[in-house]
Structures are given as C-alpha cells and as structure tokens.
S.K.: 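Take a look at the following structure, please.
In what follows, chains carry the letters A, B, and so on, assigned in the order in which the sequence lines appear, proteins first and then strands, with residues in each chain numbered from 1. Below, all heavy atoms of this structure are taken into account, side chains as well, without hydrogens, waters or symmetry copies.
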2 protein chains.
Amino acid sequence: MTYDPKYENKLRESGLRPTKQRIKICEVLFDSTETFHFTIKDLVKIIENQANIKVSLATVYNTVHAFNKKGYLKEIPINSSQSYYDTNISHHHHFFDEDENKLIDIDQNDVDEVMIKKTIPGKKIKSIEVIAKIVTDN
Amino acid sequence: MTYDPKYENKLRESGLRPTKQRIKICEVLFDSTETFHFTIKDLVKIIENQANIKVSLATVYNTVHAFNKKGYLKEIPINSSQSYYDTNISHHHHFFDEDENKLIDIDQNDVDEVMIKKTIPGKKIKSIEVIAKIVTDN
DNA sequence: ACATACATTAAAATCATTCTAATCTGTTGA
DNA sequence: TCAACAGATTAGAATGATTTTAATGTATGT
C-alpha cells in the first residue's frame with residue numbers, strides 16, 4: 001500500500017511505519033498552521049469527528065509518545081490528571097489558567113532568558129520550562 | 001479529646017479538625033527542619049513505619065489536599081503518574097532528574113527573577129515555577 | 001451529656017494509561 | 001511479484017493513582 005508521502009519522514013524518523021491511522025493522526029496534529037494544546041482524549045475526539053477512520057486509544061498513545069520522544073511534540077509540565085501535549089515545539093513557556101484549566105502560550109521573547117546558577121555534577125540541563133499559574137484578578 | 005496544640009492552628013486554618021490521624025500526618029510533614037519532596041504513597045509508608053496509628057489513604061489524600069490548598073504544602077508541577085508535594089513552600093524552583101525520576105530544589109537566589117512581559121486581561125499571575133529537566137552529561 | 005457536623009475507614013468506583021494477545025498489514029528479499 | 005516476518009492495530013483486560021461511597025466513629029458547642 002502506498003500513502004501520501006507528506007508525513008512519511010516524520011513517522012519513519014519517529015521509528016514508526018506509515019499507516020492509515022498514523023497518517024490521520026499526523027494530519028490532525030500537523031496540517032494546521034496553528035499550533036495547539038491537546039490531551040489524548042481531545043485528539044481521539046477530533047479524529048472521530050473528522051475522519052471515517054477508526055483509531056484505537058492504544059494507537060494514539062503509541063504514536064503521540066513516539067512523536068514526543070522524537071521531539072515532534074512536547075509534553076507540557078503541568079499537574080493534571082491527564083497529560084497535555086503541544087504541537088508548538090519551539091522554545092516557549094506557558095500560562096496555566098487555573099479557573100478554566102486552559103494553557104496559553106508565552107513566546108520565548110516574552111520571558112527573559114532563565115539563568116540557573118546551580119549545577120549538578122555529571123548532569124546537564126536538557127530543558128527549562130516556565131509555568132505561570134494565573135487566576136481571575138479581583 | 002484534647003491534643004498537643006502544636007499543629008492545631010495549622011489544621012484549623014486549613015479547615016480541618018485536629019484528630020489523631022491528622023496530627024500524625026503533621027508530625028511527619030512538619031516536625032523535621034529538613035524540607036522534603038514526597039508522594040502520597042511515600043507519606044503513607046512513612047506513617048506506617050513510624051507510628052502505631054492506622055491512617056487510611058482517603059484521610060491522607062484529604063489532609064494533603066487541604067494543606068496544599070491553604071499553602072502549607074506545594075504541589076510540584078511535573079508530569080508523573082503520581083503527584084509530588086513539597087514541604088518547602090518558599091518560592092523556589094526545581095531540577096527534575098530524568099534519569100532517576102528525582103526532584104532537586106533550586107533556591108530562589110540561584111535563579112534570576114523570571115520576568116514575563118505578556119499579560120492576560122482580567123487575570124493575575126499566582127505563581128511562577130521553573131522546571132529544569134536534567135540528564136546525565138556525556 | 002447531647003446533638004450535630006465533621007472525620008475515618010474499607011471498599012468500590014473512576015479515570016488515564018499501559019498491557020495483552022489475537023489478528024492484520026507494511027516491508028523486504030528472493 | 002509474493003511469501004514470510006516484523007511490526008501495527010485493536011478491543012478489552014490490567015494497572016495504578018485518585019476520588020467517592022456509605023457505614024461507623026469522634027470532636028465540638030451548647
């Protein structure tokens with residue numbers, strides 16, 4: 001079977017074969033020019049609405065994890081019962097609106113570079129993320 | 001029944017009556033001068049080892065949540081299957097060691113103040129947290 | 001001491017995530 | 001091309017953290 005090669009590289013580089021289901025997942029995640037935040041549940045819902053393809057939860061989890069590992073998606077470090085992912089993989093930060101449980105991007109340029117003076121022997125910093133929790137201002 | 005008044009205020013201010021179980025939880029969390037990171041499971045295990053008091057999971061969850069809400073504990077924003085809490089409620093940040101799944105405090109003085117230029121109308125910033133993920137440096 | 005509101009508990013329920021095992025499909029090499 | 005195999009898909013089961021339930025117990029104000 002041959003597929004639209006559009007997402008073949010992305011899939012192969014993530015260690016995944018291109019399949020109907022995975023290509024559909026790619027389309028939902030990467031077709032838009034807008035980046036967005038989502039949970040696995042969200043993604044499954046979008047696919048169900050858009051496509052006549054049945055994709056199991058397990059496949060969605062596997063695929064999202066592979067993209068996350070490869071760096072095509074970023075998991076956002078907030079405490080929540082569900083994991084949130086971001087299609088915007090550029091270096092940036094987040095507001096987390098505690099009233100509405102919603103994430104809002106903060107561009108890297110809107111945060112001064114975070115300098116950490118402490119070091120841990122034998123370890124290097126892989127990423128630095130800033131989460132600013134926001135609430136209604138009364 | 002009357003109890004050691006040591007933790008009565010803390011409990012009452014958190015909206016909780018002082019009870020045997022809750023006082024034991026307070027002792028484990030707040031008696032030490034050392035601050036520490038823990039999960040609910042950790043806390044239950046410590047109590048089981050130290051005390052001849054039986055405390056149910058539900059009670060531990062309720063009590064920790066009340067303290068977190070009141071600000072006597074802080075939940076640490078990392079993605080993990082379990083929630084991590086911190087008895088150090090001063091403003092500070094964290095390394096998360098991805099090799100060992102361990103948190104390490106970063107004193108506020110070791111991070112330049114984080115300035116965020118973006119604002120959201122009607123919202124105010126409640127907290128700013130920096131998570132720096134670290135890995136073995138090869 | 002009473003009445004009541006809150007606390008405790010074991011066990012069940014819930015929910016996200018991971019695993020399983022049976023079936024199916026993309027890929028590779030002859 | 002096509003057989004064989006490695007990897008993919010799936011529904012459903014399993015897992016594990018957290019929350020809820022409902023019965024019983026306890027702190028508190030009067």
Side-chain angles (χ1 to χ4, degrees), chain A residues 1-26 37-45 47-48 51-70 73 75-85 101, chain B residues 1-26 37-45 47-48 51-70 73 75-85 101:
Chain A
M1 191 158 184
T2 60
Y3 290 119
D4 183 348
K6 192 170 182 187
Y7 292 117
E8 201 171 324
N9 288 345
K10 216 160 210 162
L11 285 165
R12 292 213 189 277
E13 280 167 22
S14 305
L16 301 173
R17 287 183 184 163
T19 64
K20 257 203 324 288
Q21 292 84 350
R22 285 171 176 166
I23 293 198
K24 184 67 215 170
I25 293 170
C26 285
H37 307 128
F38 65 94
T39 63
I40 298 289
K41 269 275 177 61
D42 294 337
L43 187 47
V44 169
K45 212 172 293 171
I47 292 171
E48 277 176 1
N52 44 359
I53 296 175
K54 179 81 188 48
V55 183
S56 73
L57 256 186
T59 299
V60 176
Y61 273 101
N62 293 343
T63 306
V64 167
H65 287 172
F67 283 148
N68 183 52
K69 190 171 173 194
K70 181 64 184 179
L73 290 174
E75 192 176 3
I76 301 169
I78 46 163
N79 297 99
S80 171
S81 51
Q82 301 168 73
S83 290
Y84 281 77
Y85 295 89
N101 261 52
Chain B
M1 191 160 182
T2 60
Y3 290 118
D4 182 349
K6 192 170 182 186
Y7 293 117
E8 200 171 326
N9 287 345
K10 214 161 212 161
L11 285 164
R12 291 213 189 277
E13 280 166 21
S14 305
L16 302 173
R17 287 181 184 166
T19 63
K20 258 204 321 289
Q21 292 83 351
R22 286 171 176 168
I23 293 199
K24 184 67 214 171
I25 292 170
C26 285
H37 306 129
F38 65 94
T39 64
I40 298 290
K41 269 274 177 64
D42 294 337
L43 187 48
V44 169
K45 212 172 293 171
I47 292 170
E48 277 175 1
N52 43 1
I53 294 173
K54 180 80 187 50
V55 183
S56 73
L57 256 184
T59 299
V60 176
Y61 273 101
N62 293 342
T63 306
V64 166
H65 287 173
F67 284 148
N68 182 50
K69 190 171 174 194
K70 182 63 185 177
L73 290 175
E75 193 176 3
I76 301 168
I78 46 164
N79 298 99
S80 171
S81 52
Q82 301 168 74
S83 290
Y84 281 77
Y85 296 90
N101 260 52

S.K.: OP1, OP2 of D:dT18 versus side-chain N and O of B:His65: anything below 4.0 Å?
M.R.: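 No, outside the criterion.
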S.K.: Can you measure B:Tyr85 atom OH to D:dA17 atom C1' for me and round it to whole angstrom units?
M.R.: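 About 11 Å, once rounded to whole Å.
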S.K.: Let me know the distance between CZ of A:Arg12 and P of D:dA6, rounded to the nearest Å.
M.R.: 17 Å
S.K.: If you define the side chain from C-beta out and look only at heavy atoms, does anything of A:Tyr85 sit under 4.5 Å from A:His65?
M.R.: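 Result yes, sub-4.5 Å side-chain heavy-atom pair found.
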S.K.: Please round to the nearest 0.5 Å and tell me the distance separating atom OG of A:Ser56 and atom CD of A:Gln21.
M.R.: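 Between A:Ser56 OG and A:Gln21 CD, I get 8.0 Å after rounding to 0.5 Å.
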S.K.: A:Val44 and side chain to side chain contact (heavy atoms under 4.5 Å, CB included): which single residue from A:Thr39, A:Val55, A:Ile25, A:Leu57 fits?
M.R.: A:Leu57
S.K.: Collect all protein-nucleotide pairs involving nucleotides 13-16 of chain C in which both atoms are nitrogen or oxygen and the distance is under 3.5 Å.
M.R.:
from	atom 1	to	atom 2	distance (Å)
C:dA16	OP2	A:Lys41	NZ	2.6
C:dA16	O3'	A:Ser81	O	3.4

S.K.: One pair to check against side chain to side chain contact (heavy atoms under 4.5 Å, CB included): A:Tyr84 and B:Asn79. What are the steps and the verdict?
M.R.: CA-CA 9 Å; A:Tyr84 281 77; B:Asn79 298 99; over 6 Å; no
S.K.: Would you give the length of the straight line joining atom NE2 of A:His37 to atom CD1 of A:Ile76, rounded to the nearest 0.5 angstrom?
M.R.: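 A:His37 NE2 to A:Ile76 CD1: 4.5 Å, rounded to 0.5 Å.
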S.K.: Measure OH/B:Tyr84 against C1'/D:dT18 and give the value in whole Å, please.
M.R.: 16 Å
S.K.: Quick check on side chain to side chain contact (heavy atoms under 4.5 Å, CB included): which of A:Lys70, A:Arg22, A:Arg17 does A:Leu11 satisfy it with?
M.R.: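 So, applying the side chain to side chain contact (heavy atoms under 4.5 Å, CB included) to A:Leu11 and each of A:Lys70, A:Arg22, A:Arg17, only A:Arg22 qualifies.
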S.K.: What distance do B:Lys45 atom NZ and B:Ile40 atom CD1 have between them, rounded to the nearest 0.5 Å?
M.R.: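 Going from NZ on B:Lys45 over to CD1 on B:Ile40, the span is 13.0 Å.
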S.K.: Calculate the interatomic distance between B:Glu8 atom CD and D:dT28 atom C1'; express it in whole Å.
M.R.: 11 Å
S.K.: Could you measure the distance from the OG atom of B:Ser14 to the OH atom of B:Tyr7? Nearest 0.5 Å is fine.
M.R.: 13.0 Å
S.K.: For nucleotides 6-10 of chain C, list the nitrogen or oxygen atoms of the protein found under 3.5 Å from its nitrogen or oxygen atoms, one pair per line.
M.R.:
from	atom 1	to	atom 2	distance (Å)
C:dC6	O4'	B:Arg17	NH2	3.2
C:dA7	OP1	B:Arg17	N	3.2
C:dA7	OP1	B:Arg22	NH1	2.8
C:dT8	OP1	B:Thr19	OG1	2.2
C:dT8	OP1	B:Gln21	OE1	3.3
C:dT8	OP2	B:Arg22	NE	2.9
C:dT8	OP2	B:Arg22	NH2	3.1
C:dT8	O3'	B:Gln21	NE2	3.0
C:dT9	OP1	B:Gln21	NE2	3.2
C:dT9	OP1	B:Lys54	O	2.4
C:dT9	OP2	B:Ser56	N	2.9
C:dT9	OP2	B:Ser56	OG	3.4
C:dT9	OP2	B:Thr59	OG1	3.1
C:dA10	OP2	B:Lys54	NZ	3.4

